[in-house]
Amino acid sequence: MSTMERRPDSRGKVRDIYDTGDNLLMVATDRISAFDYILPDEIPFKGEILNRISEFWFKKFADIVPNHLVSIDTADFPAEYAEYADYLAGRSMLVKKAEPIMVECIVRGYLTGSGKKTYDKDGTVCGIKLPEGLVEASKLPEPLFTPSTKAAIGDHDENISYERCVELVGEDIASQLRDLSLKIYTAAAEYAATRGIIIADTKFEFGIIDGRVTLIDECLTPDSSRFWPADTYEEGKVQPSYDKQYVRNWLKANWDMTGDAPHLPAEVIEGTSARYREAYEIITGEKFESMKEQA
């Protein structure tokens with residue numbers, strides 16, 4: 001079946017989640033969001049690419065941190081999902097249930113985005129004082145752990161200090177979140193550098209499974225990270241990236257952010273899909289072929 005008629009137990013901006021009893025089935029749709037709006041057009045293959053990039057990193061770093069992945073093979077899913085195997089192929093992941101830790105774990109290796117705005121104002125990023133003279137896309141002296149609160153859909157996450165993180169989740173959990181986030185980011189950035197990609201920043205989410213802090217949700221995808229091509233990197237300017245920045249730029253130029261989000265032109269949809277496919281191929285070293293076509 002090419003679509004899913006079952007109603008999800010919960011629905012995020014771009015993912016649908018089904019409760020299978022012992023586990024959850026996370027389905028990455030081709031929906032795309034920008035500026036906290038879900039756009040009316042889908043991006044071909046986006047869900048599958050993000051899902052399979054997450055699988056790649058989960059397996060790669062399984063020795064650094066436990067994760068919630070059970071399988072992305074539809075043959076391993078509960079029997080009642082068999083009729084949807086064609087739709088689910090590649091874009092879905094059976095995962096262990098976790099008790100989510102309500103902190104977004106952001107690691108920044110370069111100065112850009114909201115960090116650049118606060119640095120220009122008072123020389124800090126999320127309250128952390130940085131050296132003078134940094135510019136757009138400067139590499140930071142060392143990666144920064146800058147947590148934020150997890151907001152409900154439609155609200156903005158709020159940057160918090162490490163001290164506030166400790167108040168929210170306790171010293172033990174907070175220190176594990178910080179240390180694991182920095183460890184995974186550093187390992188991923190070193191690997192990505194060998195593939196010609198700079199990981200400027202990324203966001204991790206963790207939960208508790210069997211009493212242990214465990215990596216959950218997605219991992220190091222173009223939706224949760226800024227990936228920059230290393231061969232065009234130039235300090236002092238906004239970098240091109242393998243993510244939805246292309247969509248954001250078009251929206252900024254063509255929409256006043258009021259009312260319903262507009263439809264995207266065909267070339268923006270295709271261009272965005274091509275960037276996601278390229279990111280997959282560079283990161284994994286494999287040509288992207290949809291599992292749906294092979295199913």
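Both backbone and side-chain heavy atoms feed into the values below; hydrogens, waters and symmetry mates do not.
The two residues I269 and P44 come nearest to each other via the heavy atoms CG2-CD, 3.6 Å. Between E48 and S290 the shortest heavy-atom distance is OE1-OG, 2.7 Å. The minimum heavy-atom distance between P240 and P229, with the atom names listed, is O-CD, 3.2 Å. Nearest heavy-atom pair, P262 versus W250, reported as atom, atom and distance to 0.1 Å: CG-CZ3, 3.9 Å. When all heavy atoms are compared, the tightest approach of A98 to I209 is CB-CG1, 3.4 Å. Residue T29 comes nearest to V14 through the heavy atom pair OG1-O, 2.7 Å, listed as atom of the first residue, atom of the second, then distance.
The ring of W255 has its center closer than 6.0 angstrom to the ring center of Y37.
Atom CG of D210 has 12 or fewer neighbouring heavy atoms from other residues, nucleotides or ligands inside a 6.0 Å radius. By the 6.0 Å contact criterion, CD on E267 is enclosed, its count of non-hydrogen atoms from other residues, nucleotides or ligands being greater than 12. Other residues, nucleotides and ligands place no more than 12 heavy atoms under 6.0 Å from the CD atom of E132.
There is no side-chain donor-acceptor pair under 3.5 Å between E55 and N51. Between T258 and D256, the side chains place a donor N or O and an acceptor N or O closer than 3.5 Å (distance only, hydrogens not considered). With 3.5 Å as the limit, one finds a donor-acceptor pair spanning the side chains of Y276 and D223.
Residues I197 and L140 are members of separate hydrophobic clusters, defined by side-chain heavy-atom contacts under 4.5 angstrom among Ile, Leu, Val, Met, Phe, Trp and Tyr. Side-chain heavy atoms closer than 4.5 Å link hydrophobic residues (I, L, V, M, F, W, Y) into clusters, and following such links, even through other members, never connects V166 to I128. Cluster membership check: L144 does not share its hydrophobic cluster with Y185, using side-chain heavy-atom separations under 4.5 Å among Ile, Leu, Val, Met, Phe, Trp and Tyr. I64 and I216 are assigned to two separate hydrophobic clusters, defined by single-linkage of ILVMFWY side chains at heavy-atom distances under 4.5 Å. Put simply, L24 and L215 are part of the same group of oily side chains (I, L, V, M, F, W, Y) that touch within less than 4.5 Å, one to the next.
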>> I'd like to know whether F204 forms a side chain to side chain contact (heavy atoms under 4.5 Å, CB included) with D217, so could you lay out the CA-CA distance, the side-chain angles of the two residues, the decisive distance to 0.1 Å, and finally the verdict.
In response: CA-CA 8 Å; F204 301 114; D217 202 63; over 6 Å; no
>> Assess the residue pair R6 and Y18 against the criterion (side-chain hydrogen bond (donor to acceptor under 3.5 Å, both in side chains)); give the C-alpha distance rounded to whole Å, side-chain angles, the decisive distance to 0.1 Å, and a yes or no.
In response: CA-CA 9 Å; R6 285 177 80 112; Y18 298 83; over 6 Å; no
> Please walk me through it: do V65 and I184 pass side chain to side chain contact (heavy atoms under 4.5 Å, CB included)?
Replying inline: CA-CA 8 Å; V65 58; I184 307 163; 3.7 Å; yes
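Under a 3.5 Å cut-off, the side chain of S33 and the backbone N or O of K13 do not form any donor-acceptor pair. With hydrogens and angles ignored, the 3.5 Å screen pairs a side-chain donor or acceptor of Y162 with a backbone N or O of S175. A donor-acceptor distance shorter than 3.5 angstrom exists from the side chain of T221 to the backbone of S224, with no hydrogens or angles considered. With hydrogens and angles ignored, the 3.5 Å screen pairs a side-chain donor or acceptor of R195 with a backbone N or O of I282. Remark: the backbone N or O of A137 is not paired with any side-chain donor or acceptor of E235 at under 3.5 angstrom. Counting only distance, with no hydrogens or angles, the side chain of D30 and the backbone of G47 share a donor-acceptor pair below 3.5 Å. Side-chain N or O atoms of S138 include none that pairs as donor or acceptor with a backbone N or O of L134 at under 3.5 Å. Under the 3.5 Å distance criterion, the side-chain polar atoms of T214 are matched with a main-chain donor or acceptor of R212. Put simply, the side chain of T74 never gets that close to the backbone of A85: no donor and acceptor are under 3.5 Å apart. Formation of a donor-acceptor pair under 3.5 Å by the S241 side chain with backbone atoms of F227 is not found in this model.
In this structure, CG in L251 is found 12.0 Å from OH in Y246, a value given to the nearest 0.5 Å. Atom CG in L94 sits 10.5 Å away from atom CG in L88 (nearest 0.5 Å). Distance check, rounded to the nearest 0.5 Å: CD1 of I38 to CZ of R11 gives 8.5 Å. Here K237 contributes atom NZ and T232 contributes atom OG1; the two are 6.0 Å apart, rounded to the nearest 0.5 Å. Within the model, atoms CG of L39 and CG of D260 stand 11.0 Å from one another, a figure rounded to the nearest 0.5 Å. Atom OG1 in T202 sits 9.0 Å away from atom CH2 in W57 (nearest 0.5 Å).
By the 6.0 Å and 45° rule, R91 stacks over the aromatic ring of Y87. Figure legend: cation-pi geometry between R277 and F45 absent, as NZ or CZ is not positioned both under 6.0 Å from the six-membered ring centre and within 45° of its axis.
Evaluation of the side chain to side chain donor-acceptor pair (under 3.5 Å) rule for K60 yields no partner, not counting sequence neighbours.
Put simply, the side chain of N67 does not reach to within 4.5 Å of the side chain of K59, judged on heavy atoms. Side-chain contact between K117 and K121 is absent, with no heavy-atom pair separated by less than 4.5 Å. Residues P100 and M102 form a side-chain contact, since some pair of their non-hydrogen atoms from C-beta on lies under 4.5 Å apart. Side-chain contact between S54 and L220: absent, with no pair of heavy atoms (C-beta onward) separated by less than 4.5 Å. For the pair F206/V103, no side-chain contact is recorded, criterion being any heavy-atom separation below 4.5 Å from C-beta on. Using a 4.5 Å heavy-atom cutoff, the side chains of V247 and I32 are in contact. Proximity of K97 to D19: side-chain heavy atoms (C-beta onward) are separated by under 4.5 Å at one or more points. T124 has its side chain out of reach of Y119: every pair of non-hydrogen atoms, C-beta onward, lies at least 4.5 Å apart.
Cluster note: V238 groups with no other residue, as no ILVMFWY side-chain heavy atom lies under 4.5 Å from it.
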Side chains of residues 105-114: which donor-acceptor partners sit under 3.5 Å, not counting sequence neighbours?
| from | atom 1 | to | atom 2 | distance (Å) |
| --- | --- | --- | --- | --- |
| R108 | NE | T146 | OG1 | 2.9 |
| T112 | OG1 | E136 | OE2 | 2.7 |

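At a threshold of 4.0 Å, the pair K183-D179 does not count as salt-bridged, since none of the basic side-chain nitrogens sits closer than that to a carboxylate oxygen. The pair R226-D201 meets the salt-bridge criterion, since a charged nitrogen lies less than 4.0 angstrom from a carboxylate oxygen. Ion pairing between E42 and R31 fails under the 4.0 Å rule for side-chain N and carboxylate O. Using a 4.0 Å cut-off between charged nitrogen and carboxylate oxygen, E278 and R275 do not count as a salt-bridge pair.
Aromatic ring orientation, F56 versus Y191: tilted (interplanar angle from 30° to 60°).
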